[in-house]
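The structure under discussion appears below in the form of structure tokens.
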Number of protein chains: 2
Amino acid sequence: MSEALPLDLENRLQADDHTSLRLWLRLLSTSIRIEDTIRQRLREGFGITLPRFDLMAQLEREPEGLTMGELSRRMMVTGGNVTTIVDQLTKEDLVQRVTLPEDRRSYRVTMTPVGRAAFAGMARAHEQWVKDLMAGLDEHQQHQLHHLLGVLKHGLVTPISTQGQTHDPD
Amino acid sequence: MSEALPLDLENRLQADDHTSLRLWLRLLSTSIRIEDTIRQRLREGFGITLPRFDLMAQLEREPEGLTMGELSRRMMVTGGNVTTIVDQLTKEDLVQRVTLPEDRRSYRVTMTPVGRAAFAGMARAHEQWVKDLMAGLDEHQQHQLHHLLGVLKHGLVTPISTQGQTHDPD
DNA sequence: TATTGTTATACTCTATAACTATA
DNA sequence: TATAGTTATAGAGTATAACAATA
């Protein structure tokens, strides 16, 4: 975990490479493992997929609802896919399209009362799962990890596409 | 980043929940952002997908090659999918199936010379991308993050399936 | 009978591009 | 013309289950 660092600059670069690669593989595998667990439990417990859960989570924060375009930008997927997901959730009576008088090309997607109730249960379970999965770290370690990930994330070179002012505070 | 912790036990649990949830969202979003970047560059630079790259990375570490079953367990996907991926890589002459005299049901998948050369280039580029993406953290922070992720990962309750002794040291 | 690998099928998510209807 | 959303299509990855060949 803490090898002696060589003094030669080129070797140091090499060592640095391996540190980064090992870190990335661990970050990725940890994330995938947790995500798969949550995905599986959402399916088994609530018969819902992660993208559909995510869409409802977006709506939960916005009681007014969101247009398809807003959902597309927030979820960072193309419009056609949002249509599919909203279609499915609509079929299950979890969300609905509400027409806008001021622009008849557009809709506002909101949760139905059924959807709100269903989501409350899912969100509660979800939060408990996450808490359990994170329980290997104490409060201090969690804050430390949160901080380091923040540094890493904000240090990422923003890709070419800063077009749609993506909504992604975390 | 460091709010005062309430003393009431129930509130503390609540606060703890939110810490975990915020941590998880940050972990997930950071991981996805890096993964998407790498995925896109692998496609644009080398015309290869992440699962195919991963399969070749598995073979790279095992000069003797691996059977379909071993690949399936290491990549944690079902056998049918490994068949598909190996088929595609075989079509591009990057890997090959080598028959085993001792068990004619089974094969050993190895990289072709072409595949080995191609993978060397990909791996070099991949490592450099990772290094650049991680550059927001200094060496010490990277080790710290690596350590915390290790604690988190090993604290995860091992899922029910410890059947196939999954190969996943990271 | 059990095991290795393949095939067939289906589902979800994803992107691109053509299209409709409004603005 | 430009924009909001839909539809059509295609491709990748995934799982399940039935199947063939071999052990």
Side-chain angles (χ1 to χ4, degrees), chain A residues 28 32-33 35-40 42-44 46-56 65-92 95-109 159 161 163-164, chain B residues 28 32-33 35-40 42-44 46-56 65-92 95-109 159 161 163-164:
Chain A
L28 181 62
I32 286 178
R33 191 174 288 191
E35 190 180 0
D36 283 352
T37 303
I38 291 174
R39 190 195 306 277
Q40 185 185 340
L42 278 177
R43 182 183 316 259
E44 287 174 359
F46 299 99
I48 199 170
T49 64
L50 207 40
R52 291 177 212 177
F53 177 78
D54 285 344
L55 191 145
M56 293 185 80
L66 293 167
T67 64
M68 299 300 274
E70 286 166 343
L71 282 168
S72 169
R73 281 187 292 279
R74 293 202 184 190
M75 302 182 65
M76 297 198 276
V77 295
T78 56
N81 300 316
V82 176
T83 296
T84 307
I85 297 175
V86 170
D87 283 350
Q88 292 161 326
L89 290 172
T90 300
K91 212 181 311 174
E92 301 176 58
V95 307
Q96 58 195 339
R97 287 172 166 92
V98 180
T99 57
L100 292 175
E102 69 268 25
D103 186 341
R104 292 198 345 248
R105 293 171 305 182
S106 194
Y107 298 93
R108 201 162 268 286
V109 182
S161 63
Q163 2 125 307
Chain B
L28 182 61
I32 286 177
R33 191 173 288 190
E35 189 181 0
D36 283 352
T37 302
I38 291 175
R39 191 193 306 278
Q40 185 185 339
L42 278 177
R43 182 183 317 260
E44 289 174 356
F46 299 98
I48 199 169
T49 64
L50 207 40
R52 291 175 212 179
F53 177 78
D54 285 345
L55 192 145
M56 293 184 80
L66 293 166
T67 65
M68 298 300 275
E70 286 167 343
L71 281 168
S72 168
R73 281 187 292 278
R74 293 201 184 192
M75 301 182 66
M76 297 198 277
V77 296
T78 55
N81 301 316
V82 176
T83 297
T84 308
I85 297 175
V86 169
D87 283 349
Q88 293 161 325
L89 290 173
T90 299
K91 213 181 310 173
E92 300 177 57
V95 307
Q96 57 195 341
R97 288 172 166 92
V98 179
T99 58
L100 291 175
E102 68 269 25
D103 186 340
R104 292 201 341 250
R105 294 171 304 181
S106 194
Y107 298 92
R108 201 162 268 286
V109 182
S161 61
Q163 2 127 303

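Lettering of chains follows the sequences in order, A, B, ..., and the numbering in each one begins at 1. Remember, predicted model here, so these are calculated numbers, not experimental data.
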Of Pro51(A) and Thr84(B), the one whose closest DNA chain C nucleotide lies more 5':
Thr84(B)
So which atom in Ile85(B) and which in Pro51(B) form the shortest heavy-atom distance, rounded to 0.1 Å?
CD1-CB, 3.9 Å
Is there a donor-acceptor contact under 3.5 Å linking the side chains of Asn81(B) and Thr78(B)?
yes
Using the test side-chain contact (heavy atoms from CB on, under 4.5 Å), find all partners of Glu35(A) that sit at least two apart in sequence or belong to another chain.
Arg39(A), Leu50(A), Trp24(B), Leu28(B)
So how far is it from Gln40(B) CD to Asp36(B) CG, rounded to the nearest 0.5 Å?
8.0 Å
Are the side chains of Tyr107(B) and Val98(B) in touch, meaning some heavy atoms are under 4.5 Å apart?
no
In whole angstrom, give the distance that lies between atom CZ of Arg73(A) and atom C1' of dA4(D).
10 Å
Applying ring pair (Phe, Tyr, Trp, His ring centres under 6.0 Å), name anything that partners Phe53(B), two or more places apart in sequence or on another chain.
Phe119(B), His126(B)
Residue pair Ile48(B) / Glu92(B), side-chain heavy-atom distance below 4.5 Å
no
Between dT6(D) atom P and Ile85(A) atom CD1, what is the distance in whole Å?
12 Å
Looking at dG5(C), dA12(D), dG5(D), which one has an atom nearest to any side-chain atom of Thr49(B)?
dA12(D)
How would you list, by chain and number, every residue that makes a side-chain contact (heavy atoms from CB on, under 4.5 Å) with Thr90(B), sequence neighbours excluded?
Val86(B), Val95(B), Arg97(B)
Separation of Leu100(A) atom CG from dA23(C) atom C1', in whole Å?
13 Å
Ignoring backbone atoms, establish whether Thr83(B) has a side-chain N or O less than 4.0 Å from OP1 or OP2 of dT6(C).
yes
With sugar-phosphate meaning primed atoms plus P, OP1 and OP2, does Arg43(B) contact a base, only sugar-phosphate, or nothing at under 4.0 Å between heavy atoms?
nothing
Rounded to whole angstroms, how far apart are CZ on Arg97(A) and P on dG5(D)?
10 Å
Check every atom of dC13(C), dG5(C), dA12(D) against the side chain of Gln88(A) and return the nucleotide holding the closest atom.
dC13(C)
How long is the line joining CG of Leu71(A) and C1' of dT6(D), in whole Å?
15 Å
What's the angle between the local helix axes at either end of the helix from dT1(C)-dA23(D) to dA23(C)-dT1(D), using five pairs per end and rounding to 10 degrees?
20°
Heavy-atom contacts, protein to nucleotides 15-23 of chain D, under 4.0 Å, summarised as B (base), S (sugar-phosphate only) or - (none) per nt, yield BB----BBS
Rounded distance (Å) that lies between atom C1' of dG11(D) and atom CG of Asp87(B)
16 Å
It should be established whether Arg39(A) places a side-chain nitrogen or oxygen under 4.0 Å from OP1 or OP2 of nucleotide dT12(C).
no
Rounded to whole angstroms, how far apart are CD on Glu35(A) and C1' on dG13(D)?
14 Å
Under 4.0 Å between any heavy atoms, over every strand shown, what does Ser72(B) touch: base, sugar-phosphate, or nothing? Just pick one.
nothing
Whole angstrom is fine here: how far is it from CG in Leu50(B) over to P in dT14(D)?
9 Å
If the condition is side-chain contact (heavy atoms from CB on, under 4.5 Å), which residues does Glu70(B) pass it with, not counting sequence neighbours?
Leu66(B), Thr67(B), Arg73(B), Arg108(B)
Are any of the side-chain heavy atoms of Met68(A) and Thr83(A) separated by less than 4.5 Å?
yes
